[in-house]
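Order of listing sets the numbers, starting from 1, for every ligand and every atom in it. If you read the sequence from its start, that first residue is 1, and numbering goes on from there. These numbers come from a predicted model, not from an experiment.
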Amino acid sequence: MFYKQLKAFPEGFLWGASTSAYQVEGAYKEDGKGLSVQDLHVPKDIADFKVASDHYHHMKEDVKLMAEMGMKAYRFSIAWTRILPDGDGEVNEKGIQFYNELIDELVSYGIEPVVTMYHFDLPLKLHEKGGWCSRNTIDAFVKYAKILFETYGDRVKYWLTINEQNVMINHPNAMNPGRIPTKKELYQQCHNMFVAAAKATILCHEMVSNGKIGPAPNITAIYPEKCNPADVIAADNWESIRCWLYLDVAVHGRYNSIAWVYMEEKGYTPVIEDGDMEIIAKAKPDFIGVNYYATATVSEARNDGTDCQPRNGDQQVMIGEEGVYRAAKNNYLEETQFGWLIDSIGMRVTLRRIYDRYHLPMLITENGLGAKDKLTEDGCVHDPYRIDYLKRHFHQAQLAISDGVELIGYCPWSFIDLVSTHQGYGKRYGFVYVNRDEKDLKNMARIKKDSFYWYQEVIKNNGLSEE
Ligand code: BG6
């Protein structure tokens, strides 16, 4: 449908940017912080999370840059292990203080803090006691949530419970040092996370006045390779298992029927204790955080032992599943330097599908381009490819708004360069460059990329200017 005129981005739109604690902060065991599962990840050739972008020591400088870019919101995560080093034991006052200072600094510039409570960095001590397979982790999360709401709830109104729960279940390697759990165990972890997030949602509404809380899964439309109806069924199935399972439980308070049948068929159904589904049904999110990078295309499974095609994959690269779906190629789309598809229209499709199913306001909590940015001799970082990528996605966001989707903000990944989950500093996302290499920490200088100045203009104009 062609529009005579697109709707404008709403007033007060939360133009922002995102990061997560373990990928940006560094100071991994400073000021009483406990270790998380991520701190065990020490790759040989690329950066680990020990120093990262040293945001812990550059916090004020970084927030000043956010203000200079004009950011209206900053989505960051709190490291559970700074607040409760063991996950559920003593409170660490210095950790509390760090986030108090960060939040105060943001508020002083009029930047809305959007807090993710848990972004992949489970406290190691909890992991050693069974992690999310254990119901004790639910209690620990509730204890942690209470501390966060009590301490920061006067200034933080936007909360995200769990980042990309679906990625943690479908790509468990990076979150589970040591043995990778079986699928059956993963779906139990998944259920326990649902209960924990529901309890936190209920608590937030009780403890934070005007508090808004929601999940932040990685959602993407799944396309059938051909109009062959069998491919359409495979796409529907995978979309339910990969995406709707997570939002149906969080928003509708019930398991998605296709995903449930899949779990039954495979023997993955979790143990659901008495009262769990009542708690889940009672918890009503106020908005949905959407991490969107790219769509995926699938075809019908052959069930002949070749459906799963393992390759060097990450959270966006599908490998297929025997008897469920096969990964297919989408010849209409370009790829990034890292093999991720670029599909801005797919973001519009995804937003429309989510809104149609759940009718809740949405905040884009991640979307962006990972690239091999270079600091050039003129002392600048020229990233026209990132500007182009974001321009196309912002345009599609505006089309989605014109379609009736309630979009309240857009926080690209990432505000500043940080450690990519698989490629360290070889893959950068930020509007701000950090002068360090994989192993050589150099001077950690913050350098504004071309995209920084471009985004500053977008925010100033509350949207893309007519060209
Ligand atoms: C999301 C995660 O899956 O993708 C982020 O929430 C991550 O933590 C981002 O950094 C980009 O992925 P990657 O692997 O390129 O760092």
Side-chain angles (χ1 to χ4, degrees), residues 16-26 36-39 41 43 45-49 52-53 55 74-80 114-122 160-176 193 214-220 242-243 246 288-296 311-319 335-343 347 350 363-373 383 385-386 389-390 393 410-432 434 438:
S18 294
T19 63
S20 87
Y22 78 95
Q23 291 173 278
V24 76
E25 284 177 6
S36 86
V37 291
Q38 297 299 340
D39 294 317
H41 190 62
D45 303 321
I46 60 167
D48 56 31
F49 303 109
S53 296
H55 171 67
Y74 174 44
R75 179 218 175 197
F76 61 98
S77 77
I78 290 185
W80 189 339
V114 178
V115 169
T116 314
M117 300 167 68
Y118 164 50
H119 190 126
F120 298 167
D121 52 355
L122 187 70
L160 295 155
T161 49
I162 298 182
N163 180 69
E164 294 194 348
Q165 184 176 330
N166 55 338
V167 168
M168 289 196 273
I169 302 308
N170 289 311
H171 300 272
N173 301 33
M175 334 292 161
N176 292 279
M193 285 187 214
N218 178 310
I219 301 294
T220 176
R242 186 197 182 281
C243 303
Y246 298 86
I288 298 173
V290 180
N291 289 4
Y292 171 83
Y293 287 93
T295 51
R311 45 203 155 117
N312 277 339
D314 52 33
Q315 65 272 43
Q316 285 303 136
V317 180
M318 289 181 312
I319 54 172
E335 289 181 0
T336 71
Q337 290 168 321
F338 294 90
W340 288 22
L341 297 173
I342 302 178
D343 187 5
M347 190 178 80
T350 303
L363 172 67
I364 294 174
T365 37
E366 284 185 36
N367 166 247
L369 181 72
K372 298 175 186 170
D373 295 337
D383 56 348
Y385 36 83
R386 180 165 295 108
Y389 178 98
L390 289 172
H393 283 77
Y410 203 130
C411 294
W413 186 264
S414 52
F415 162 64
I416 194 166
D417 287 345
L418 39 69
V419 191
S420 144
T421 53
H422 295 86
Q423 289 95 354
Y425 283 86
K427 186 189 198 187
R428 295 170 182 256
Y429 285 87
F431 293 106
V432 175
V434 175
E438 299 298 0

Pair Y246, N218: side-chain N/O donor-acceptor within cut-off below 3.5 Å
no
Got an N/O contact under 3.5 Å between K427 and ligand 1?
yes
Proximity flag F338 to ligand 1, non-hydrogen atoms under 4.0 Å
no
Run the contact test for N163 against ligand 1 with a 4.0 Å cut-off on heavy atoms, strictly below, and give the result.
yes
Show me which atoms of ligand 1 lie under 4.0 Å from any heavy atom of Q23.
5 (C), 7 (C), 8 (O), 10 (O)
For Y22, is at least one N or O under 3.5 Å away from an N or O on ligand 1?
no
N or O contact, S20 vs ligand 1, cut-off under 3.5 Å
no
So is there a nitrogen or oxygen of Q423 less than 3.5 Å from a nitrogen or oxygen in ligand 1?
no
Counting distance only, does the side-chain N/O of E438 pair as donor-acceptor with the main-chain N or O of A47 below 3.5 Å?
yes
May I ask you to list the atoms of ligand 1 that are less than 4.0 angstrom from any heavy atom of S420?
13 (P), 14 (O), 15 (O), 16 (O)
Audit row: R386, D373, salt bridge (Lys or Arg N to Asp or Glu O under 4.0 Å) steps and yes/no:
CA-CA 10 Å; R386 180 165 295 108; D373 295 337; 3.0 Å; yes
Have Y22 and S77 got a donor and an acceptor in their side chains that come within less than 3.5 Å?
no
Which distance, rounded to the nearest 0.5 Å, do you find between the CG of N170 and the CD of Q165?
10.5 Å
Would Y429 count as a polar contact of ligand 1, with the cut-off being nitrogen or oxygen pairs under 3.5 Å?
yes
Decide whether N163 and T116 meet the rule of one side-chain donor and one side-chain acceptor closer than 3.5 Å.
no
